[in-house]
Structures are given as structure tokens and as C-alpha cells.
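The chain is numbered in sequence order, starting from 1. The analysis underlying the following values was restricted to heavy atoms, covering all of them including side chains, and did not include hydrogens, waters or symmetry mates.
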Amino acid sequence: MITLGGSPMAVEAPPIFENKTSAITILLLTPITIRLSEIAKLDPRKIIIAEVLFSNIGGASTAIGDPPNVIITANQIINQRGVDFSNFTFHMFAGSIFVFSICFVHFKFMLADSKNFYLKEESELDEMKKEIIIWKRSFQSITPVTKEEKIVKTLLKEKASQLQNLLKQKQINVKQEYEKTLIIKSQEMLESYKITNKPLLIKSSIIFTITLILFFLNPFVDKIHLTIGWISILSALLLLASSSSTASGHGQSDANKSTNVDFEGLMHKVEWSTLLFFGCLFIFMKTIEELGLLNYLGNLISDMIKSVENISDRLAFALVVLVVLSALISSVIDNIPFTTAMIPIIIQLSEQANLPLQPLVYALAFGSCLGGNGSLVGASCNLVAAGISEQHGYKITFGQFFKTGFPIMISSILVAIIYVCIVCIYFEWY
């Protein structure tokens, strides 16, 4: 749990929850954040942006945290070279901790004042402050010469002092009322949003734990003849079967309620604009891929790395180039097709340039995942959060996201470069 800018709102994005991909995490957190922000009278947009940024960082920490990591670890050649689920997760998790720490400090400095998180609304207190300033300017502008002028200045000064005392008293009353309202609404939320199906919660937790254990044991136990994809599918089917059996045990009345579903109401709640944007984005990315632009960019990166003659310097240059260019490219185009196009290129680069494949894989993963923080279209969870936020009346513009996200992206890739260079070159841990 981390506090943002000293405000009472907090963002929690531990990497373990990123195992369901950062987009799903944001899909669950955004409505809750908006509701809590409205209760606390905070601006949810800045808090949602913070959640998205740290969700992308957390998504880089595991092999199934972000789509680029899933694509990388699913490649058979990369698996045969020693980059499996556990190995990949250990390296990425360690680096993500350093990235998270530095970016958190950076974010705190960017939004150090807690007032940045409060909604800017014209209130009665603001009007009183303006009125006090006017009265102070009035008596300060008078240079008393006659007795009447001295009396007028004294009256104006007393009026400003009275308003100042009244303002202090109102500020105390507003603060007490705010705290009282916050407690009441929090208690109402706790009463309204209780866990209604505890057996299903227990079953889901058990299945989720078993799935994680199988993910980590898969590279070490040969008797598990299942890939990560099949483990996920079987776990989902088991969870569906468990939820069906739990629902059937709630009685006939609950069954009758479940059949009367407002289908039109559900369809209105679907983020059609976000889905349409994703559809157009994937069409656009497929067009770029068919035109050969991604392969051209990949070959250009490969040629730059091959141009370094010294092998020891070549690895360091390759890591820096892969992290920086992957981040910059992923911030303006979707990182999924870019990662798919880059995998065969780094495999070929490893063979032709006599470089170890594992460090190149980690550099590509860090650049692709962390580059999503560079702009609003850099990652899928950015667009999901923006769509849900706009549906609730809080529009996140491209400029608002870029103003916060791009500096965080720069900080994160600098830390990632230092991490991969020290770990993979100095300690040779790969």
C-alpha cells in the first residue's frame, strides 16, 4: 500500500495480482477508485493514472503479468535456451522491485503536494478568502492623513480581521463535517458491498493458489505434461464448474433471480468505444506488420548492434539499445505485435553476433512493458482505464497521461538499463 502525495487515497498494485495481466487489474480497480475518490472528494484521474503506471511496472515482474512476457516465455526456442517461467520471473521480479522503488520516489516528487489530488471546486471558503484579500488591500491602500481616514482604515482592518476569524471557524467546521461524512459513507460501503458467496471465494482462492504453484513447478517437474496455457485453461474450466455447483446450492429462489437478467442493461455497460478502438488498433498494427515496418525496425536495431566490433562492448550496447528503442516504440504503437516481430530477430542476433540470448530477452521484456507508460496508447490497460474513467464523467486526455507517464517511463527504463547491465554483464547472472 502506497500513499500518493500525502493524500488519504492509496494505490495498491502488488505484482502477484498482475498475474491476471495488468489490464484486468485496472478493469477491477478503476471503478473502485472512482467511488472512493468521490467519497473522499479527490480527483480520481490522477490516482487512476498512478494505478496504471505502477500496474504496467508490476506487469513486467512475472512471465504472465503482461502480454509481451507471455509471448516471450511461450516461445519454444527461448525455453530451450534456459528462459522458462521461473527463471524469467526471478530475473524480472528482482528488476521490477528496483524500478518500482525509484519510480515511486519520482512520482512522489512530481506530485508532492496533496492538494494536487483534490478536486478544484469553487466553494464558500474560496469566496471568503477572495473577500478577505479585497478588504486587506482596501485598508492597506489608505494612507491616513485626517482623523476620518484613520477611522475608515481602522474599520476596514477590523472587518478583515472579523472575516479572517470567521474563515478559520468555518474551516474547522468543514474539516469536522468532511471527516464525519467520510466515516459515514465508508461504513455504508462496508455494509453495501459485503462478500455474498464465501464458499465460492474459498474455492477461487484454492484454485488460484494451485494454478500459481503449477506455473512455478512446470519447468522443474517433467511429469507435468502441460504448458502454461493449458494450465490456465484447465484452471478456468475448474473454476467455472465450481461456481456453477456453488450457485446451484443457493436454492430455487436464487436460481429464479439469476434467470431474470437485464440483458439490455448489461449491454449498455459494455465499453463499446474502447472495444472499437482496440479493434481498429489491431487492424492498424496488422497492416503495419504486413507492410514490413516492424521487421524493418527490428533489422535496423540488429544492424546497429552488429556494428559494434568488441564482443564485450557489444552486449552492453545491445542491452541499452533494446531497452531504449523497445520502450520508445512501444509507447507509440502496441507492444504485442512489436514483441512478436522482435523475438525471431533477437534469436538470430544471438546466433550471428555471438551474444547470450537470456540478457537480450530480459532487455526486450523490460523495454516493451515499461514503454507502455510513455503514452495513453502505449498499453491496453491505459485505454481500459481511460474508457472506464470517461464513462463515469472523468475524462483522461492524452496530454494529462503523457505529462505524468512519460517522465516515469524515462526513470523506469534508466533503472532497467542499469539493472540488466550490472546483473547480466558484471555478475553474469543469466
Side-chain angles (χ1 to χ4, degrees), residues 18-19 21-24 56 59-85 87-89 91-92 227-230 232-233 277-305 318-319 321-353 355 357-375 377-384 413 416 420:
E18 303 302 331
N19 290 335
T21 75
S22 52
I24 300 176
N56 286 330
S61 62
T62 67
I64 50 176
D66 243 3
N69 294 1
V70 177
I71 295 170
I72 290 171
T73 54
N75 187 276
Q76 293 183 354
I77 299 176
I78 292 178
N79 291 152
Q80 293 171 0
R81 298 284 189 89
V83 182
D84 51 35
F85 179 90
N87 197 357
F88 184 89
T89 301
H91 280 81
M92 296 296 294
T227 61
I228 293 175
W230 276 109
S232 303
I233 292 173
F277 180 84
F278 274 123
C280 296
L281 179 64
F282 291 148
I283 293 172
F284 175 70
M285 294 309 304
K286 186 62 178 178
T287 304
I288 292 178
E289 185 180 351
E290 291 295 327
L291 290 173
L293 179 60
L294 294 178
N295 288 328
Y296 171 76
L297 292 174
N299 291 325
L300 186 64
I301 295 172
S302 178
D303 293 337
M304 289 174 58
I305 295 171
L319 297 177
V321 168
L322 278 175
V323 174
V324 173
L325 293 184
S326 298
L328 293 176
I329 294 172
S330 297
S331 66
V332 293
I333 63 175
D334 194 71
N335 53 15
I336 297 174
F338 175 74
T339 305
T340 305
M342 281 298 298
I343 287 175
I345 292 174
I346 64 172
I347 293 174
Q348 183 180 5
L349 177 65
S350 173
E351 296 172 351
Q352 294 180 355
L355 295 174
L357 179 62
Q358 294 92 329
L360 303 181
V361 169
Y362 304 138
L364 175 63
F366 271 119
S368 299
C369 294
L370 300 178
N373 286 335
S375 69
V377 297
S380 56
C381 66
N382 305 5
L383 299 169
V384 170
I413 62 174
V420 294

Who are the side-chain contact (heavy atoms from CB on, under 4.5 Å) partners of Gln352, not counting sequence neighbours? Lys306, Gln348
SG on Cys381 to CG on Asp66, rounded to 0.5 Å: 7.0 Å
Mind checking the OG1-CD1 spacing from Thr340 to Ile71? Nearest 0.5 Å is all I need. 3.5 Å
Nearest atoms (heavy-atom pairs only) where Leu319 meets Pro359: CD2-O, 3.3 Å
Give the ring-plane orientation class for Phe88 versus Tyr362, where under 30° counts as parallel, over 60° as perpendicular and anything between as tilted. tilted
Let me confirm one number: the CD1-OG distance from Ile345 to Ser350, rounded to the nearest 0.5 Å. 13.5 Å
Correct closest heavy-atom pair for Ser326 and Leu364 would be OG-CD1, 3.6 Å
Supply the atom-to-atom distance Phe366 CZ to Met92 CE, rounded to the nearest 0.5 angstrom. 4.0 Å
side-chain contact (heavy atoms from CB on, under 4.5 Å) filter on Glu290, not counting sequence neighbours, yields Lys286
Audit row: Val377, Val332, side-chain contact (heavy atoms from CB on, under 4.5 Å) steps and yes/no: CA-CA 6 Å; Val377 297; Val332 293; 5.8 Å; no
Return the CG to OG1 distance between Asn87 and Thr73, rounded to the nearest 0.5 Å. 11.5 Å
Pro68 to Thr339 - nearest heavy-atom pair and separation: CB-OG1, 3.5 Å
Residue list, side-chain contact (heavy atoms from CB on, under 4.5 Å) with Ile78, at least two apart or on another chain: Ile72, Asn75, Val83, Ile343, Ile347, Leu357, Val361
If the condition is side chain to side chain donor-acceptor pair (under 3.5 Å), which residues does Asn69 pass it with, not counting sequence neighbours? none
So Asn382 and Asn56, do their side chains get closer than 4.5 Å, heavy atoms only? yes
Residues two or more places apart in sequence or in another chain: which of them pass side chain to side chain donor-acceptor pair (under 3.5 Å) with Ser331? none
With sequence neighbours excluded, tell me which residues meet side chain to side chain donor-acceptor pair (under 3.5 Å) with Glu351. Arg81
So, taking the atom named CG in Leu300 and the one named CD1 in Ile305, what distance separates them when rounded to the nearest 0.5 Å? 10.0 Å
